[in-house]
Amino acid sequence: STRLEALRVKLENEGLVNISYVVVNHQGPYSQRKFHLLKESVSEYITVYQQEEQQDDVWTTLNGSKDDFLIYDRCGHLIYHLGLPYSFLSFPYVEDSIKIAYCENKCGNCSYTEPDIDGVCQNITKEADEKLADIEPKPTGHHSHRHNLHRHRHHH
């Protein structure tokens with residue numbers, strides 16, 4: 001989570017602002033006891049969401065698991081779903097996925113006006129796309145159609 005904070009600062013310094021980060025804590029009692037530590041390890045810019053034990057598990061609803069990263073564009077479309085090992089922040093995949101979701105205007109017609117991001121995004125998407133193209137997504141299990149690195153494409 002300190003790595004997530006570092007990533008947030010790095011992206012902000014590169015001009016990628018107004019990105020929302022949410023950490024979803026696990027429902028189990030062990031994770032609940034660790035909640036305050038998790039909350040202390042990130043800044044107020046990163047929301048930590050504690051699930052209630054009796055609610056439907058967020059990760060089940062999202063068809064993922066607790067170490068996944070789900071990256072949405074500004075219109076709420078899911079652009080990437082990254083599972084392990086691609087969700088490790090020591091790798092560039094999360095950062096590149098965020099950059100692509102941020103820079104490629106895939107929203108279609110949505111009410112969020114595009115900020116002036118041409119300058120910010122000029123080289124970003126080319127580099128990020130090249131890095132992500134190196135990965136051949138493989139299904140995690142025999143019955144699972146969820147790829148470790150899943151690019152969601154929207155047709156409008």
Checklist entry - Do any N or O atoms from the side chain of Asp96 and from the backbone of Tyr93 form a donor-acceptor pair under 3.5 angstrom? => result no
Checklist entry - Can you name the nearest heavy-atom pair linking Ser31 to Gln50, along with the distance? => result O-OE1, 4.4 Å
Next on the checklist: Counting C-beta onward and ignoring hydrogens, is there a side-chain heavy-atom pair between Val23 and Thr47 closer than 4.5 Å?
Outcome noted: no
Next on the checklist: Looking at Tyr45, I'd like to know if its OH atom is crowded, meaning that more than 12 non-hydrogen atoms belonging to other residues, nucleotides or ligands lie closer than 6.0 Å.
Outcome noted: no
Next on the checklist: Can you tell me how far apart OG (Ser97) and CG (Leu70) are? Round to the nearest 0.5 Å.
Outcome noted: 10.5 Å
Checklist entry - So how far is it from Arg74 CZ to Tyr102 OH, rounded to the nearest 0.5 Å? => result 6.0 Å
Let me check something: any side-chain donor-acceptor pairs from residues 10-19 under 3.5 Å, sequence neighbours excluded? List them with distances.
residue	atom	partner	partner atom	Å
Lys10	NZ	Glu14	OE2	3.1
Lys10	NZ	Glu95	OE1	3.3
Lys10	NZ	Glu95	OE2	2.5
Glu12	OE1	Arg8	NH1	3.4
Asn13	ND2	Val9	O	3.3
Glu14	OE1	Lys99	NZ	3.0

Next on the checklist: Looking at every non-hydrogen atom in both residues, tell me the closest pair between His81 and Asp68 and how far apart they are.
Outcome noted: NE2-OD2, 2.7 Å
Next on the checklist: Quick check on the hydrophobic clustering: are Leu7 and Phe91 connected, directly or via other members, by side-chain heavy-atom contacts under 4.5 Å?
Outcome noted: yes
Checklist entry - Is any side-chain heavy atom of Tyr21 less than 4.5 Å from a side-chain heavy atom of Leu4? => result yes
Checklist outcome for this item: Rounding to 0.5 Å, atoms OG (Ser65) and CG (Leu84) come to a distance of 6.5 Å
Item to check | Non-hydrogen side-chain atoms of Leu78 and Ile71 separated by less than 4.5 Å | outcome: no
Checklist entry - Under 4.5 Å between any side-chain heavy atoms of Val58 and Tyr49, yes or no? => result yes
Next on the checklist: Quick check: do Ile100 and Tyr80 have side-chain heavy atoms less than 4.5 Å from each other?
Outcome noted: yes
Item to check | Donor-acceptor contact below 3.5 Å, side chain Ser87 vs main chain Asp67 | outcome: yes
